[in-house]
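Let me begin by presenting the structure, written as structure tokens, before commenting on it.
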2 protein chains.
Amino acid sequence: MQLPKGVEWAAHCLVVLERLTEDHPVANSTLAEVYGLSPTYLNKHLQALTRHGLLISMPGSAGGFTLSRPASEITLADVVEALEGGGPIFRCTEIRCDGLFQPHSTEIRASGSCAIAAAMWTAEQAWRHSLAAVSITDLVQGVDAVSSKNLNEFVENKNVKVGPIL
Amino acid sequence: MQLPKGVEWAAHCLVVLERLTEDHPVANSTLAEVYGLSPTYLNKHLQALTRHGLLISMPGSAGGFTLSRPASEITLADVVEALEGGGPIFRCTEIRCDGLFQPHSTEIRASGSCAIAAAMWTAEQAWRHSLAAVSITDLVQGVDAVSSKNLNEFVENKNVKVGPIL
DNA sequence: GAAGGTGTACTCGGATAGGGCCTGTCCGAGTTATTCGGG
DNA sequence: CCCGAATAACTCGGACAGGCCCTATCCGAGTACACCTTC
């Protein structure tokens, strides 16, 4: 069991978006260039973030993606939920009601939920809770100095090339 | 991302093992019969538990599986680790050192670990910690009355069929 | 009656196919900036 | 010099193959019990 690679990409891109966005959208190709990622595949994940309301996409020549709300209100839990679907990582198939116990399934269900499933879901909640405690703002502050400097230089170069809109 | 179905099977089987075992091993076919599972596929998971030291397997006509240590010392974390391999759910590919940042990768690495990966691993630790707090003994106590009664009757019937060794 | 050897039935254990999701890629619909021509 | 339409290039968006892991199954190696033969 492993988280899709897209989660890592999306999280990093949201951080960069927070740094690069200033009332104008950032193109998928730009984000891909920053991290040396496959543009087409990255696009797939950014679309997922858009579908789940984390990003706003703008078509057209000067289009791109923008954060849909302040970075402080976007957490890693949102990112995981957007790319993972938010479904439980442990799925209970209720085998406690199969086999020997089949004839008494209604009684068993009435006695409460499966203890194993309950424990799994509690642990899962701890995980999601920990993820929800980390916002994009927190991650931006965690970016090291040299990376931040590189990003600034990149923006300036883009500035020269693209024009005064940046 | 979803946990393999084997985790659920293994957890339930450990609970039944704790109930059924009395100094004699319980066969894979018996466990499969209790829950109406595929014997061959269940065997695969029990082998994994054996490889990781949770179970002891005994070959031969009256062979089977036994808990390798007291049920109070086996936790859900152990089960997940045995069937999942214990590797991190989130794998950091260090894309913060790719693309623009490639020339300064050594500097960036020296500045500390990736903030995103750190947050992910913290959350993962919370998950594992929660799982480690639940032992098989806890789960046995959570079994409802009617299921417990069914198991007892099953053991008695087996008793008649199999002989005095049970 | 007891002991030893043999046969059988049961067990675990690893090696072998199939399906679903993540990975990776491509091309099309739509929109904006640009450019060229006319007034 | 200003305005407007056509062009072109860039954007997002969804549809299309490949690979790996979980799912599911089978058959073989090994062991303990039971029985039979022999002493």
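Letters A, B, ... are given to chains in the order of the sequence lines, protein chains preceding strands, and every chain is numbered from 1. All values below were derived from every heavy atom in this structure, side-chain atoms included, with hydrogens, water molecules and symmetry-related copies excluded.
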What's the CE-P distance between A/Met58 and D/dG13, to the nearest Å?
11 Å
Under 4.0 Å: is that the gap between some side-chain N or O of B/Ser61 and OP1 or OP2 of C/dT8?
no
Report yes if at least one side-chain N or O of B/Arg51 is closer than 4.0 Å to OP1 or OP2 of C/dG14; otherwise report no.
yes
Go through the steps to decide whether A/Arg69 and A/Asp78 satisfy the test salt bridge (Lys or Arg N to Asp or Glu O under 4.0 Å), and finish with yes or no.
CA-CA 12 Å; A/Arg69 54 180 189 261; A/Asp78 297 324; 3.3 Å; yes
So, is A/Tyr41 close to the C/dT23 phosphate, meaning a side-chain N or O under 4.0 Å from OP1 or OP2?
yes
Could you say whether B/Ala27 or B/Thr40 is positioned toward the 5' end of DNA chain C, judged by the nucleotide with the nearest heavy atom to each?
B/Ala27
What integer distance in Å separates A/Phe65:CZ from D/dC10:P?
17 Å
Does the side chain of A/Thr50 get closer than 4.0 angstrom to OP1 or OP2 of D/dC12 through an N or O atom?
no
On DNA chain C, more 5' by nearest nucleotide between A/Leu3 and B/Gly63 is B/Gly63
NA contact type, B/Asn28, heavy-atom cut-off 4.0 Å: base, sugar-phosphate, or nothing?
sugar-phosphate
Return the value, rounded to whole Å, for the distance between atom CD1 of A/Ile95 and atom P of D/dT23.
13 Å
Can you find a side chain N or O atom of B/Ser38 that sits less than 4.0 Å from OP1 or OP2 on D/dT25?
yes
note: A/Glu8, atom CD; C/dC22, atom C1'; distance rounded to Å ~ 15 Å
B/Leu42 atom CG is separated from D/dT25 atom P, nearest whole Å, by 12 Å
Is A/Gln2 near enough to D/dC21 that one of its side-chain N or O atoms lies under 4.0 angstrom from OP1 or OP2?
no
Rounded to whole angstrom units, what separation is found between the NE2 atom of B/His45 and the P atom of C/dC12?
15 Å
OP1 or OP2 of D/dC22 less than 4.0 angstrom from a side-chain nitrogen or oxygen of B/Lys44, does that happen here?
no
Nearest-nucleotide check on DNA chain D, A/Asn43 vs A/Met1; residue mapping nearer the 5' end is A/Asn43
In terms of side-chain heavy atoms, does B/Ser105 have a donor or acceptor partner in B/Arg96 at a distance below 3.5 Å?
no
Consider only side-chain N and O atoms of B/Asp138 and B/Ser135, and report whether a donor and an acceptor are under 3.5 Å apart.
yes
Considering only side-chain heavy atoms of A/Pro4, which listed nucleotide, D/dC22, D/dT11, C/dT23, is closest?
C/dT23
Roughly, in whole Å, what's the span from NZ in A/Lys5 to P in D/dC20?
12 Å
So, is B/Ser57 close to the C/dG13 phosphate, meaning a side-chain N or O under 4.0 Å from OP1 or OP2?
yes
Between A/Thr93 and B/Glu8, do the side chains contain an N or O donor and an N or O acceptor separated by less than 3.5 Å?
yes
What is the distance from NE2 of A/His24 to C1' of C/dT32, rounded to the nearest Å?
16 Å
Just by distance, with hydrogens left out, do A/Ser147 and A/Asn150 show a side-chain donor and acceptor under 3.5 Å apart?
no
Closer than 3.5 angstrom, by distance alone: can the side chain of B/Glu124 be matched with the main-chain N or O of B/Ile89 as a donor-acceptor pair?
yes
